[in-house]
Trainee: 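So that we are looking at the same thing, I have put the structure below in structure tokens.
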Amino acid sequence: MVHNPYHNAVKQLEEAAVLLEPMYEDKKKFHAIVEQLKTPNAVHEAQLVVKMDDGSTQKFQAYRSQHDDVRGPYKGGIRYHHDVNLDEVKALSLWMTWKCATTGIPYGGAKGGIIVDPSKLTHNELERLSRAYAKFVAPYIGTWRDVPAPDVNTNGQIMAWMLDEYESIIGKHEPAVFTGKPLELGGSLGREEATGQGGVYVLEQLAKKLKMVPSKTSIAIQGLGNVGYWFAVCAADMGFLVVALSDSRGGIVSNDMKKGLDVKKVLAYKKEKGSIQGFSGTRDITNDELLSLPVDILVPAALENVITDENVKNIRAKAIIEMANGPVTPEADGMLWERGIFSVPDVLSNAGGVTVSYFEWVQNLHGYSWSKEEVFKKLKPLMVDAFNHMWSLHTTRKVHLRMATYIGAVKRVVDAHILRGR
Ligand code: NAD
């Protein structure tokens, strides 16, 4: 089945609205707000004209979708990928609104993207493209208006170029306008680990609810990039058993499922050999096999749409923590719920990244620089509160965890609209 992410995002909002409607006296106002939330407030598009190293020029289609800013400035990353399209950018901007509302950070939702395969550009071409994007969005962004960040295939260096371009346009320093910056330019300590660490705070809470003891809880993780690696390291530090890992080349599973893998050693092995396969004490598996292992917790931390209506019947984990964006399709989500498999949704479990981006913004506004310990001390209660809020809605409203999260987030946004009288 082909998934249009924007249609999925609107469908999820409509489902949450059905459950929320009885709570509002003024139904007309409630429905008007929900209608408004189905489309972004603004979608900016441009063809960026970039000079290539050979002297020719190329055009690149670029977008910035600003969904809703009723709770605070728009917030969301910028993606460089050849599959970027308008519906994807719009859907991701809706999900950012719910993600920020879920942890309670004072932002709305936005997303940006450029249709480009960055691996085909030289360093200088990438810089010119990034500066052209910053120039295009400069009239629409700002510390109190819209705060972009890195996403797929963008990083601290790209944020540094964009910040420099933006500041040269406005003629003053304004570091809080971009997050995910290098430390030297006002980035936050702990941002690298933040998404994985935030997911492990969620894991700890889920394990308590499901009465799982860390030293006896087995975990399989798909993806060993920023998110998967730090999730694995932090989970192992907490005493959980990380028994299987994978990357785009395939995976490994421990020969003894009662013994966890040494994740740091696996990564060192990958750096030396180019693949994690062949690591001692393990056997090689495919990514499909990893998804169907009989573990306690399955963590998709690589790609979207990896658990679908086609392979959901193979899932043998007791619970799923979505660390990638959109790894479970809506059809599969319903089927997991029917089978009694808990699935913590991405807008909650990977919200540690945007939360530490918010901390970066706060530090920039005040000229502070917090230690890593301070950052994590502030991150943990936000993730734990968000989890508990979701769990209480799940138990009182008897809905699956994604719907519980959506009800909580959409309600916060609708209530903010009502208070403003928009
Ligand atoms: P990354 O590029 O650092 O790592 C991606 C990992 O996925 C790599 O290990 C890669 O080998 C693996 N992979 C690629 N194709 C695969 C395949 N077909 N099968 C199995 N593994 C495959 O990316 P990341 O920053 O770790 O992000 C991963 C996911 O988490 C994405 O969906 C991203 O949108 C989401 N996310 C990231 C952050 C963040 O802070 N980095 C925050 C929120 C959500």
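First listed ligand is number 1; within each ligand, the first listed atom is number 1. Below, each value reflects all heavy atoms present in this structure, side chains not excepted, and no hydrogens, waters or symmetry copies. Everything quoted here is computed from the prediction, not taken from an experiment. Note that the numbering runs from 1 along the sequence shown for the chain.
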Trainee: Under 3.5 Å, is there a donor on one side chain and an acceptor on the other for S119 and D117?
Mentor: yes

Trainee: Do NZ/NE/NH1/NH2 and the carboxylate oxygens of D164 and R131 come within less than 4.0 Å?
Mentor: yes

Trainee: Would you mind telling me which of I307, I221, L293 makes a side-chain contact (heavy atoms from CB on, under 4.5 Å) with L298?
Mentor: I307

Trainee: Below 3.5 angstrom, do we get any N/O pair linking S246 and ligand 1?
Mentor: no

Trainee: Taking N or O atoms only and a 3.5 Å limit, does N287 qualify as a polar contact for ligand 1?
Mentor: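 Yes, there is a polar N/O contact under 3.5 Å.
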
Trainee: Would you say ligand 1 has an N or O under 3.5 Å from any N or O of G225?
Mentor: yes

Trainee: Does G199 offer a backbone N or O that forms a donor-acceptor pair with the side chain of N350 under 3.5 Å?
Mentor: no

Trainee: Quick check against the 3.5 Å criterion: does E167 have a side-chain atom that pairs as donor or acceptor with the backbone of E174?
Mentor: yes

Trainee: Considering only the protein, which heavy-atom contact is closest to atom 33 (C) of ligand 1, and what is its distance?
Mentor: N325 ND2, 4.0 Å

Trainee: Would the F342 and W391 ring centres measure less than 6.0 Å apart?
Mentor: yes

Trainee: Looking only at heavy atoms, is any part of N226 under 4.0 Å from ligand 1, and if so is it the side chain, the backbone, or both, or is it neither?
Mentor: both

Trainee: For atom 25 (O) of ligand 1, state whether the nearest protein heavy atom is under 4.0 Å away.
Mentor: yes

Trainee: Using only atom types and a distance under 3.5 Å, with no angle test, would you say the side chain of R249 pairs donor to acceptor with the backbone of G274?
Mentor: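 Between the backbone of G274 and the side chain of R249 there is a qualifying donor-acceptor contact (under 3.5 Å).
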
Trainee: Would you mind telling me if ligand 1 is within reach of the side chain of D151, the backbone, both or neither, using heavy atoms under 4.0 Å?
Mentor: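 For D151, there is no contact with ligand 1 at all, from either part.
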
Trainee: Is it true that a side-chain atom of N85 and a backbone atom of E88 form a donor plus acceptor pair closer than 3.5 Å?
Mentor: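 Judged by distance alone, yes, a pair lies under 3.5 Å.
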
Trainee: Heavy-atom contacts under 4.0 Å between R191 and ligand 1: side chain, backbone, both, or neither?
Mentor: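 Under 4.0 Å from ligand 1, R191 contributes side-chain atoms alone.
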
Trainee: Has ligand 1 got any nitrogen or oxygen that is less than 3.5 angstrom from a nitrogen or oxygen of A324?
Mentor: no

Trainee: So, does R412 use its side chain to make a donor-acceptor pair with the main chain of A101 at under 3.5 Å?
Mentor: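 Present.
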
Trainee: Is the side chain of K181 donor-acceptor paired with the backbone N or O of P175 at a distance under 3.5 Å, no angle test?
Mentor: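 Yes, the answer is positive, given that a donor and an acceptor are paired below the 3.5 Å cut-off.
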
Trainee: Give me the residue, atom name and distance of the protein heavy atom closest to atom 28 (C) of ligand 1.
Mentor: A301 O, 3.4 Å

Trainee: What part of M323, side chain, backbone, both or neither, has a heavy atom within less than 4.0 angstrom of ligand 1?
Mentor: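 Under 4.0 Å from ligand 1, M323 contributes backbone atoms alone.
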
Trainee: With only distance considered, is K270 within less than 3.5 Å of ligand 1 through an N or O on each side?
Mentor: no

Trainee: With heavy-atom distances below 4.0 Å as the criterion, list the atoms of ligand 1 near N350.
Mentor: 43 (C), 44 (C)

Trainee: Between R397 (side chain only) and M403 (backbone N and O only), is there a donor and an acceptor less than 3.5 Å apart?
Mentor: no

Trainee: Heavy-atom distances under 4.0 Å decide this one: backbone, side chain, both or neither, for P327 against ligand 1?
Mentor: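 P327 to ligand 1: no contact under 4.0 Å from either part.
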
Trainee: Can you tell me which residue and heavy atom of the protein come closest to atom 40 (O) of ligand 1, and the distance to 0.1 Å?
Mentor: T195 OG1, 2.7 Å

Trainee: Within ligand 1, which atoms have a heavy atom of D247 less than 4.0 Å away?
Mentor: 9 (O), 11 (O), 20 (C), 21 (N), 22 (C)

Trainee: Measure from atom 14 (C) of ligand 1 to every heavy atom in S248, G77, G251 and give the option owning the shortest one.
Mentor: S248

Trainee: Give me the nearest non-hydrogen protein atom to atom 37 (C) of ligand 1 as residue plus atom name, then the distance to 0.1 Å.
Mentor: V227 CG2, 3.4 Å

Trainee: Quick test: of every protein heavy atom, which one is nearest to atom 18 (N) of ligand 1, and how far off is it to 0.1 Å?
Mentor: L303 CD1, 3.3 Å

Trainee: Q277 side chain to I285 main-chain N or O, any donor-acceptor pair under 3.5 Å?
Mentor: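 Yes.
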
Trainee: Just jot down the ligand 1 atoms closer than 4.0 angstrom to any heavy atom of A302, in number order.
Mentor: 7 (O), 12 (C), 13 (N), 21 (N), 22 (C), 28 (C), 29 (C), 31 (C), 32 (O)

